[in-house]
Protein chains: 2
Amino acid sequence: MKKLFFVTRSEENYIKTIFHLGGNSSSLIATNAIAEQMETKPSSVTDMAKKLAEKGFVNYKRYQGVSLTDFGIKTALSIIRKHRLWEVFLVEKLDFSWDEVHEVAEQLEHIKSEKLIDKIDELLGNPKYDPHGDPIPSKDGKFMERDKQLLSEMTLKSEGVCVGVKDTSAAFLKFLDKNSIALGNTIKVLEKEDFDLSLHIQMEGKELHISHQIASNLYIKKND
Amino acid sequence: MKKLFFVTRSEENYIKTIFHLGGNSSSLIATNAIAEQMETKPSSVTDMAKKLAEKGFVNYKRYQGVSLTDFGIKTALSIIRKHRLWEVFLVEKLDFSWDEVHEVAEQLEHIKSEKLIDKIDELLGNPKYDPHGDPIPSKDGKFMERDKQLLSEMTLKSEGVCVGVKDTSAAFLKFLDKNSIALGNTIKVLEKEDFDLSLHIQMEGKELHISHQIASNLYIKKND
DNA sequence: ACAAATTTTTAGATTTGTCTAAATTTTAAT
DNA sequence: ATTAAAATTTAGACAAATCTAAAAATTTGT
């Protein structure tokens with residue numbers, strides 16, 4: 001007898017956070033880590049952990065932490081799917097810039113209508129990645145994590161395509177816009193500076209100097 | 001010093017209901033009427049009335065009822081604007097049928113992003129009416145109520161165009177679909193039956209028999 | 001106009017999600 | 001291994017939004 005599972009917005013946010021902190025496998029996520037991520041107090045997390053366990057979303061071991069159950073993972077992926085599809089929608093259909101979408105998607109991801117998100121998916125042509133390069137889970141929870149690496153970890157002379165960002169803050173994304181660094185751009189590492197770990201790169205033909213801070217937040221898919 | 005006005009979802013629903021019950025002018029809406037409409041208890045309405053008055057959305061007179069302030073009206077129109085624009089979006093862009101949109105729009109109307117709804121408005125080409133024929137308030141709160149009347153009130157031989165429905169229940173809308181009665185259809189009243197108030201009409205060339213129940217829920221814009 | 005019926009409000013309780021402060025458990029250090 | 005530090009939980013409180021039951025005000029009927 002499957003419970004008519006009513007999930008509150010707050011529960012959804014906890015489930016999503018636990019997933020992002022790596023609670024998908026059997027690895028336990030600490031109360032503190034969740035509290036910090038969600039800017040709330042550990043005691044609140046404990047309370048919610050009990051409720052989520054009660055409802056079957058997580059395994060909860062007192063003083064140890066929580067991990068998502070299969071049902072919890074399924075739920076998390078559904079929320080993330082909605083979040084990322086809405087982000088694509090906002091950018092592709094409504095001309096939002098990639099630094100503006102997160103806040104709105106945080107709201108839209110909680111809209112409850114299977115038909116709605118499936119139609120949005122269809123309207124967008126079943127995109128596989130969101131505007132920041134993160135993979136979009138399919139309806140049945142599968143998604144393709146790209147074989148990518150940080151620009152800061154690329155070897156000298158290697159080439160690739162910019163496919164994602166690690167830091168998705170508006171500040172960082174606006175910086176990238178200002179410097180014409182966009183997903184899809186081709187990149188070649190020309191030189192690496194030992195002293196400050198900064199890079200000389202070639203991007204879309206033009207030469208650029210990139211600080212370590214930037215390079216360690218850009219994902220590249222290596223050629224071949 | 002304008003208060004940073006945080007409106008909860010519940011507050012928005014009360015404001016919207018009060019508006020729909022006619023609380024836009026200075027006419028007071030009874031606690032009971034609101035409770036009945038919202039399927040809640042009068043005591044809950046009283047509590048909320050106090051809060052809404054505190055926040056400046058309504059004028060509240062103990063034992064008398066509430067009416068919306070100018071600020072309350074502005075807020076109500078903004079919510080209704082969002083609701084109706086989302087309805088158009090669902091029908092026009094995502095192929096929802098007009099009996100499916102209400103439930104989802106009830107959720108979407110609470111999304112807080114001015115840019116989002118303005119872009120949706122733009123994407124849809126600034127529609128003036130929603131899928132049920134109800135007018136969509138503009139950004140600055142103006143809207144055009146059409147000069148329409150119920151089919152049941154039309155005189156013999158008069159002609160017009162179907163422009164709206166009074167009853168927006170899924171049951172009624174599906175009935176209309178089944179009988180090929182749609183907004184935009186031309187209508188002519190051929191005969192009125194005194195006994196049961198039913199009508200013989202001509203719709204898009206074809207003759208139809210329409211019960212009073214149906215005729216009193218269809219809005220017609222008379223020709224000329 | 002006055003009693004009865006209705007409506008509305010108040011008082012007190014409940015649920016959800018949060019908090020603080022204190023107590024407990026686990027982890028880390030010597 | 002014992003103690004100090006850190007993390008976690010518990011207990012008790014609070015605000016929001018609701019409810020029930022009782023009290024108060026208004027309206028209605030005669």
Side-chain angles (χ1 to χ4, degrees), chain A residues 3-18 21-23 26-68 72 75 79 106-107 109-110 112, chain B residues 3-18 21-23 26-68 72 75 79 106-107 109-110 112:
Chain A
K3 270 278 178 55
L4 236 312
F5 58 97
F6 172 71
V7 199
T8 68
R9 176 170 298 225
S10 184
E11 285 165 358
E12 286 192 342
N13 283 331
Y14 273 95
I15 291 166
K16 191 179 51 157
T17 300
I18 293 164
L21 288 174
S26 52
S27 73
L28 292 170
I29 307 299
T31 303
N32 246 8
I34 298 167
E36 196 174 323
Q37 181 72 27
M38 298 190 69
E39 299 186 343
T40 182
K41 301 296 168 185
S43 55
S44 306
V45 177
T46 299
D47 288 344
M48 184 56 86
K50 288 178 190 165
K51 205 209 300 189
L52 292 177
E54 190 106 352
K55 292 196 174 187
F57 294 109
V58 303
N59 303 117
Y60 169 53
K61 294 209 183 75
R62 278 169 86 248
Y63 292 101
Q64 302 296 131
V66 297
S67 65
L68 291 171
T75 305
I79 301 164
E106 285 284 297
Q107 298 181 61
E109 73 188 4
H110 300 294
K112 284 170 179 55
Chain B
K3 270 276 178 56
L4 235 312
F5 58 97
F6 173 72
V7 199
T8 69
R9 175 171 299 224
S10 184
E11 286 165 358
E12 286 191 343
N13 284 331
Y14 274 94
I15 291 166
K16 189 179 52 157
T17 299
I18 294 165
L21 289 173
S26 52
S27 72
L28 292 171
I29 307 300
T31 303
N32 246 8
I34 298 167
E36 194 173 325
Q37 182 72 26
M38 299 190 69
E39 299 185 341
T40 182
K41 302 295 168 186
S43 54
S44 306
V45 177
T46 300
D47 288 345
M48 184 56 86
K50 288 177 190 165
K51 206 209 298 189
L52 291 177
E54 190 105 351
K55 292 194 175 188
F57 294 109
V58 303
N59 302 117
Y60 169 53
K61 294 210 182 74
R62 279 168 88 249
Y63 291 101
Q64 303 294 131
V66 296
S67 64
L68 291 172
T75 305
I79 301 164
E106 286 283 297
Q107 299 181 60
E109 74 189 3
H110 300 293
K112 284 170 179 56

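Quick note on labels: first sequence line is chain A, next is B, and so on, each numbered from 1.
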Looking at Ser10(A), I'd like to know whether one of its side-chain N or O atoms comes within less than 4.0 Å of OP1 or OP2 on dT18(C). yes
Please tabulate, one pair per line, each protein N/O and nucleotide N/O from nucleotides 2-7 of chain D that are separated by under 3.5 Å, including the distance.
none

ring-ring contact (aromatic ring centres under 6.0 Å, His included) partners for Phe57(A), two or more places apart: Phe71(A)
Could you please spell out the steps behind the side chain to side chain contact (heavy atoms under 4.5 Å, CB included) verdict for Val66(A) and Leu52(A)? CA-CA 9 Å; Val66(A) 297; Leu52(A) 292 177; over 6 Å; no
Could you state the CD-P distance from Gln64(A) to dT9(D), rounded to the nearest angstrom? 9 Å
What pairs with Asn13(A) under side-chain contact (heavy atoms from CB on, under 4.5 Å), at least two apart in sequence or on another chain? Arg9(A), Lys16(A), Met38(A), Glu109(A), His110(A)
Residue set satisfying side-chain contact (heavy atoms from CB on, under 4.5 Å) with Arg62(A), at least two apart, ordered chain then number -> Tyr60(A)
Nearest-neighbour nucleotide for the Lys50(B) side chain, dT18(D), dT10(D), dT10(C) considered: dT10(C)
Hey, is the side chain of Tyr60(A) poking within less than 4.0 Å of OP1 or OP2 on dT9(D), counting only N and O atoms? yes
Distance in Å, Ser27(B) OG paired with Leu21(B) CG, rounded so as to fall on 0.5 Å steps: 9.5 Å
Between dA16(D) atom P and Glu12(B) atom CD, what is the distance in whole Å? 16 Å
Starting at NZ of Lys55(A) and ending at C1' of dT16(C), how long is that distance when rounded to a whole Å? 10 Å
Tell me every residue that passes side-chain contact (heavy atoms from CB on, under 4.5 Å) with Ser43(B), counting only those two or more places apart in sequence or in another chain. Lys41(B)
Atom CD of Glu54(B) and atom P of dA15(D) are separated, to the nearest Å, by 13 Å
Quick one: pull up CG in Leu68(B) and CD1 in Ile15(B) and give me the separation to the nearest 0.5 Å. 7.0 Å
Closest listed nucleotide, where the reference is the side chain of Thr46(B) and the choices are dT18(D), dT10(C), dT9(C): dT9(C)
Base of dT20(D), side chain of Ser43(B) - is there a donor-acceptor contact under 3.5 Å? yes
Residues at least two apart in sequence or cross-chain that pass side-chain contact (heavy atoms from CB on, under 4.5 Å) with Gln107(B), listed by chain then number, are Ile111(A), Lys112(A)
Please state how far atom CZ in Arg9(B) lies from atom P in dT16(C), giving the value in whole angstrom units. 17 Å
Nearest-angstrom distance from the residue atom NZ of Lys61(A) to P of dT27(C): 13 Å
Going by heavy atoms closer than 4.0 Å, what residues in residues 34-42 of chain A are next to DNA chain D? Pro42(A)
Tell me the interatomic distance from Tyr14(A), atom OH, to dT16(C), atom P, rounded to whole angstroms. 15 Å
Under 4.0 Å, counting only non-hydrogen atoms across every strand here, what does Ser44(B) touch: a base, just sugar-phosphate, or nothing? base
Between OH on residue Tyr14(A) and CD1 on residue Ile29(A), distance to nearest 0.5 Å: 14.5 Å
By nearest-heavy-atom nucleotide on DNA chain C, the more 5' of Arg62(A) and Glu11(A) is Glu11(A)
